Every structure is written in C-alpha cells, then in structure tokens.
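Everything on this sheet refers to the single structure shown next.
Just so it is clear, the model here is predicted, and its values are computed rather than measured. Counting begins at 1 with the first residue of the sequence. Counting convention: from 1, in listed order, for ligands and their atoms alike.
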Amino acid sequence: MVAKKTYDVLIIGGGPAGYVAAIRCAQLGFNTGCVERWVSDKKKPALGGTCLNVGCIPSKALLDSSHHFEFLQKECGAHGIEAEATIDVAKMMARKDKIVSGLTQGIAGLFKKNKVDWLQGSACFKDPKTVVVTNTSGQEDEVGASHFIIASGSVPIELGSAKIDSGHIVDSSGALSLKEIPKRACVIGAGVIGLELGSVWRRLGTDVTVLEASPNFLPTTDLSISKEALKIFKRQGLDIKLGAKVLSAGSHEKHVEVKYQIAESEKIENFDKVIVAVGRRANTSDLGLDKVAISTDERGFIKVDDLCRTSVENIYAIGDCVRGPMLAHKASEEGVSVAEHLAGQKSHIDFNNVPWVIYTWPEIAWVGKNEQQLTQESRAFKSGVFPFLASGRAHAMGDNQGFVKVIADANTDSILGVHIIGANASELIAEAVLAMEFGASAEDLARTIHGHPTLSESLHEAALAVDSRAIHF
Ligand code: FAD
Ligand code: AMP
C-alpha cells in the first residue's frame, strides 16, 4: 500500500463539524479532503452526519408536520377554520426523506464548488501523518495529510436493559422512521431528544409515557423554565414519570414489556414501541487513536484544549467527539475556528454564548447562565420576567404560553443569561446571543427599539423588567 494522495488538511467525518471545517479550510486555500462513510437507508453515500441524516433536520421535519396536524385537530377551530385532519405517515416520512436527501446532496454540491475531495469510506489512523481509508467494497487506500481534524461525532448510548431490536425497541434514528403510529409508546430518557421525539408521536395520537431516571426535569435549564415546561408537557398529555429507572424491556411478538422502578416500587407496563433516548457518546473507538497516542476519557471524548488541539501537534478534534454541548452549531463553530487557526488567524469561541434549543411546543431556548448556576457561584444578579400572556402578538397568534427571563449582573447590569419558553423561542434567542456576544447590558436591550407587534417585544419587556419598569406587565 503506497500513500496515494496527500492533503494539507484531511478531515475525518462529514457532519456539521467536519463539512464546515472542510469548506472553511478550502476557502482559506488549503488542499482539503474529507473522509465520510455514511450510507443512507437507500444505500447512497451521504454527507451531513447525524445532524442532516438522523438528527436535527429529520426531527424538525417531523416536529413541523406533527405540529400542523395538531393545529388542525385542536386549534384551528378557534380561528374559525373547520378542518378534518388525517395523517398519512408514509407521505410524512417521504417528505422528511426528501428534505434530508436534498440537503445532503447540497453539501456534496458545496464540496464540489469549494474543491473539497470527498473520500467515501472509513478512516483509521496508521500514524500521525497517515490514515487508511476503507471503502464500502473493502478496498484500502493510504491517505496522507499535514494536518488532521477528527470530527467523528457521536452515536446513541445503548441501554443494557433495553437493547435495540428489529422493530419494537428503537433508538432516535428508528423513532424518526416508524412506519405507523404506535398506540402506546415508552420514551426512555426525558432529555432534549426524548422530549422532541415523544412530542412528535404524541401529536400524531400515540399515548406516550416518558420514563426518566433522574428526579429532576431538564436539570440544565433555568428552574423556572423546567417547572413551566413540565406543567405544559403534562397538560399536553405526555405522561412524564421522574425518578423512573428502567430495569428491563423485553420484546414480545406484538408488544414490549417494560419493567421500571419508581419510588422504591417496581412497575410493569406494556407498549407497542420503546424509544431509547438516554444520551449519546463520542464515536471514537474505531479511529485507531492508539496508533497516534491520543487518549480519550471514559465516555470516549477526545481530550482537547480551547483551540481543539489534541495531544498530537498536527491533529485536532471538534464537534460531538470532544467536550462541550452536543450541538450542531457548536460543532460547526469549532470547525471554522480550527480552520482559521491553521491559517494563522486568531480564533476564539465563547462557549458561554452557545445557544441551546429544545424544539418542543412551546419551544425552549436559552443562552448563558441560569439562576441556579449563578446562585451556586454566589454571583449577585437581578432578573426580569415577561410572560407571553401580556404580548399582543402572542395573543394574535393564539400562542401565549411561557415567558422570557433576562438575568443581569446586579452591579454592572451586563446580561448573564436569557431563558425563553414560548412560541418561536428558537428564533428569539438569536437576539439574546448577539447581545451577549457584544457584551450588552440589560439597559442596552431595554433601549433597543423592537418592532410591534412581535414576540421579540417580550425580550425587550423582560430587559425592562430587570429594572422593574416593564410597560405591559
Ligand atoms: P456527526 O453529525 O455525528 O457526524 C460525524 C460523522 O463522522 C458521521 O457522518 C460519521 O459517519 C462520520 N465518521 C465517524 N467516524 C468516521 C470514520 N472513522 N471515517 C469516516 N467517517 C466517520 N443539534 C442541534 O444543534 N440542534 C438540533 O435540533 C439537534 N437535534 C438532534 C436530533 C436528534 C434526533 C439527534 C440524534 C441529534 C440532534 N442534534 C441537534 C445533535 C447534532 O446532530 C450533533 O450535535 C451534530 O450532528 C454533531 O456534529 P458532528 O459533526 O460532531 O458529528
Ligand atoms: P440527554 O443526555 O439530555 O439526551 O438525556 C438522556 C436522559 O436519559 C437523561 O436525563 C438520563 O437521566 C436519562 N436516563 C439514562 N438512563 C436511564 C434509564 N435507565 N431509565 C430512565 N432514564 C434514563
């Protein structure tokens, strides 16, 4: 085997970390390759990683479809619209698949435009300057590079007590491709993914039980938000059981028997489907990291510094396979940062300003610190809250659940965190991220003119409320 091709930068993985890093490297003049092994259900090689194929995009497609269905069923009457809603699951899935294939082909197009080579296959290190790429037919090629960026992403964590099988017990990918609406489904894990997928199937008519081992609901969100969210989701019909640890899930011909422990007693319930959503782990076990003396922690994460440098000088690692939130936009930003660092530019990511979004309805979004964290840090802060119940636009939309909370430093007034539960929180949070990135104070937000009537006025009012001078509440 002779090294066939060499690159300035070779990226392993073509998800939002890897493909963005590749495009930015190419823009900066590096001769760039990206190794990606993903093969779709339709047996087609695809770029885009988890995010485009079985993550962010397909889940949002189904969340949107199911949201429309629920609107037609339950809410359109209030607008004077009479409709009889039926759902064609196959068509909904075909729409989702079309969106996914269109977007993944789009990345392939961007690679062509930017002259990034896509090496289809699986990469494994031979030494710090060489990987072996094995394609789907088993052919091996050595590829060399001056620099490598590992962007191998993550995979679902498996539960020994609920093993994924051929149909009844599925992981998040399986839950995005169910062929029919289950009558009863159990979601194991009330994290972001579990809540989003549970919402999809609940809206379509499934009786959904969510079993969460922790006694706390969404512990990383501001306590006021998690309390409100739990109340709303339960009212919607999600049967969320906290402190419920799954002990076993056994598939039978037509159902799964789930045994779980709650408040010291054991319960058994039967479901048509079980969706395991207990988190994700770094996908780093088959990269040949031992050949380059890169170590991982107990969950497989590659150790990196703030600039995503590993312990080996010419090898970087980004995205879900390293520390930090497992979010596509964090992954992409690290890709840009490493490319610019390699080009000799100054690059810096403020991890405190990474927005988090949960695409339930209402949506939940936040940036910066929450009240629990600030209290723990003994930091003096003041908060302003504005409910969507007092927003004209929220009423016009018929979506007035939730609120906005702005937290500012008690002494300097600089914004420390913004927390939103409500319609379109995913879009509203962008203004807060920008404000924090620019080091804005609550007063800066309060003095910024917001269009009327918009949901964004609620952010404005929450900033005013920090100084107890909200107008409409
Ligand atoms: P990945 O997207 O996992 O990509 C890694 C790629 O590397 C894969 O394509 C894999 O095939 C490839 N690869 C791995 N090893 C090798 C190898 N040895 N050789 C060649 N190729 C290799 N995040 C959000 O920000 N917003 C959301 O709304 C959101 N929704 C989600 C919904 C679901 C159901 C799931 C599962 C995840 C969601 N996420 C969301 C998380 C998001 O998908 C990840 O944070 C993101 O995909 C991480 O990007 P990445 O490039 O690091 O890894
Ligand atoms: P996340 O990591 O945000 O995707 O959330 C996964 C959730 O699954 C966490 O809240 C875990 O507490 C939960 N979880 C993990 N194992 C179990 C289990 N055996 N039974 C129920 N919930 C679990």
Is ligand 1 under 4.0 Å from a heavy atom in the side chain of [X], in the backbone, in both, or in neither?
| X | value |
| --- | --- |
| N53 | neither |
| C124 | neither |
| S172 | side chain |
| C56 | both |
| T50 | both |
| R280 | side chain |
| N283 | side chain |

Shortest protein heavy-atom distance from [atom], along with the residue and atom involved:
| atom | value |
| --- | --- |
| atom 46 (C) of ligand 1 | P16 CG, 3.7 Å |
| atom 5 (O) of ligand 2 | G191 CA, 3.4 Å |
| atom 33 (C) of ligand 1 | G55 CA, 3.4 Å |
| atom 10 (C) of ligand 1 | E36 OE2, 3.4 Å |
| atom 25 (O) of ligand 1 | A328 N, 2.8 Å |
| atom 7 (O) of ligand 1 | G13 CA, 3.2 Å |
| atom 4 (O) of ligand 2 | G279 CA, 3.5 Å |

Quiz item: Quick one: does A277 get within less than 4.0 Å of ligand 1, heavy atoms only?
Solution: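 Per 4.0 Å heavy-atom rule, A277 does not contact ligand 1.
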Quiz prompt | ligand 1 contact by K60, heavy-atom criterion under 4.0 angstrom | solution =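 The answer is yes, since K60 has a heavy atom less than 4.0 Å from ligand 1.
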Salt-bridge test for [X] and [Y]: reply yes if a basic N is under 4.0 Å from a carboxylate O, no otherwise.
| X | Y | value |
| --- | --- | --- |
| E340 | K346 | no |
| D171 | K163 | no |
| E142 | K129 | no |
| K405 | E371 | yes |
| K42 | D97 | yes |
| D127 | K291 | no |
| K5 | D117 | yes |
| E333 | K330 | no |
| K259 | E269 | no |

Among [options], which one puts a heavy atom closest to [atom]?
| atom | options | answer |
| --- | --- | --- |
| atom 5 (C) of ligand 1 | A151, A331, G49, S332 | A151 |
| atom 34 (C) of ligand 1 | L63, I57, V54 | V54 |
| atom 44 (C) of ligand 1 | D320, V354, I150 | D320 |
| atom 19 (N) of ligand 2 | V246, I358, I157 | V246 |
| atom 16 (N) of ligand 2 | L247, L242, V278, I188 | V278 |

Exercise. Decide side chain to side chain donor-acceptor pair (under 3.5 Å) for Q401 and D399; before the verdict, give the C-alpha distance in whole Å, the side-chain angles of both, and the deciding distance to 0.1 Å.
Key: CA-CA 6 Å; Q401 303 180 91; D399 251 319; 4.6 Å; no
Self-check item: Atom indices of ligand 2, in the order listed, that fall short of 4.0 Å to a heavy atom of A244
Solution: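 Within the 4.0 Å cut-off of A244, ligand 2 contributes 20 (N), 21 (C).
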Quiz item: G189 heavy atoms, cut-off 4.0 Å: which ligand 2 atoms fall inside?
Solution: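 Near G189, meaning under 4.0 Å from one of its heavy atoms, ligand 2 has 7 (C), 8 (O), 13 (C), 22 (N).
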Quiz item: Is it the side chain, the backbone, both or neither of A277 that has a heavy atom closer than 4.0 Å to ligand 2?
Solution: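 Backbone only; the side chain of A277 stays clear of ligand 2.
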If we only count N/O pairs under 3.5 Å, is [X] in contact with ligand 1?
| X | value |
| --- | --- |
| L287 | no |
| A123 | yes |
| L327 | yes |

Scan side-chain atoms only and decide if [X] and [Y] contain a donor-acceptor pair under the 3.5 Å cut-off.
| X | Y | result |
| --- | --- | --- |
| S251 | D165 | yes |
| K303 | S311 | no |
| N353 | E437 | yes |

Quiz item: Which class fits the ring pair F148 and F125: parallel under 30°, tilted 30 to 60°, perpendicular over 60°?
Solution: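 Ring orientation, 0 to 90° scale: perpendicular.
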Quiz item: Counting N and O atoms only, with roles assigned by atom type, does the side chain of R184 sit under 3.5 Å from a partner on the main chain of T206, one being a donor and the other an acceptor?
Solution: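 No.
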Self-check item: Donor-acceptor under 3.5 Å (S177 side chain, G174 main chain)
Solution: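 Not confirmed, S177 side chain does not pair with G174 backbone.
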Quiz item: Considering only heavy atoms of S59, which atoms of ligand 1 have at least one such atom less than 4.0 Å away?
Solution: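 Checking each atom against S59, I get 32 (C).
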Quiz prompt | Polar atom proximity, E212 to ligand 2 (N or O, under 3.5 Å) | solution =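 By distance alone, the answer is yes.
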Self-check item: A213 N/O under 3.5 Å from ligand 2 N/O
Solution: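 Looking only at distances, the answer is yes, because the N/O contact criterion of under 3.5 Å is met.
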Quiz prompt | Proximity of H341 and Y316 rings by center, below 6.0 Å | solution =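 Yes - the distance between ring centres of H341 and Y316 falls below the 6.0 Å cut-off.
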Quiz item: Out of curiosity, is I193 lining ligand 2, as in a heavy atom under 4.0 Å away?
Solution: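 I193: no contact with ligand 2 (<4.0 Å).
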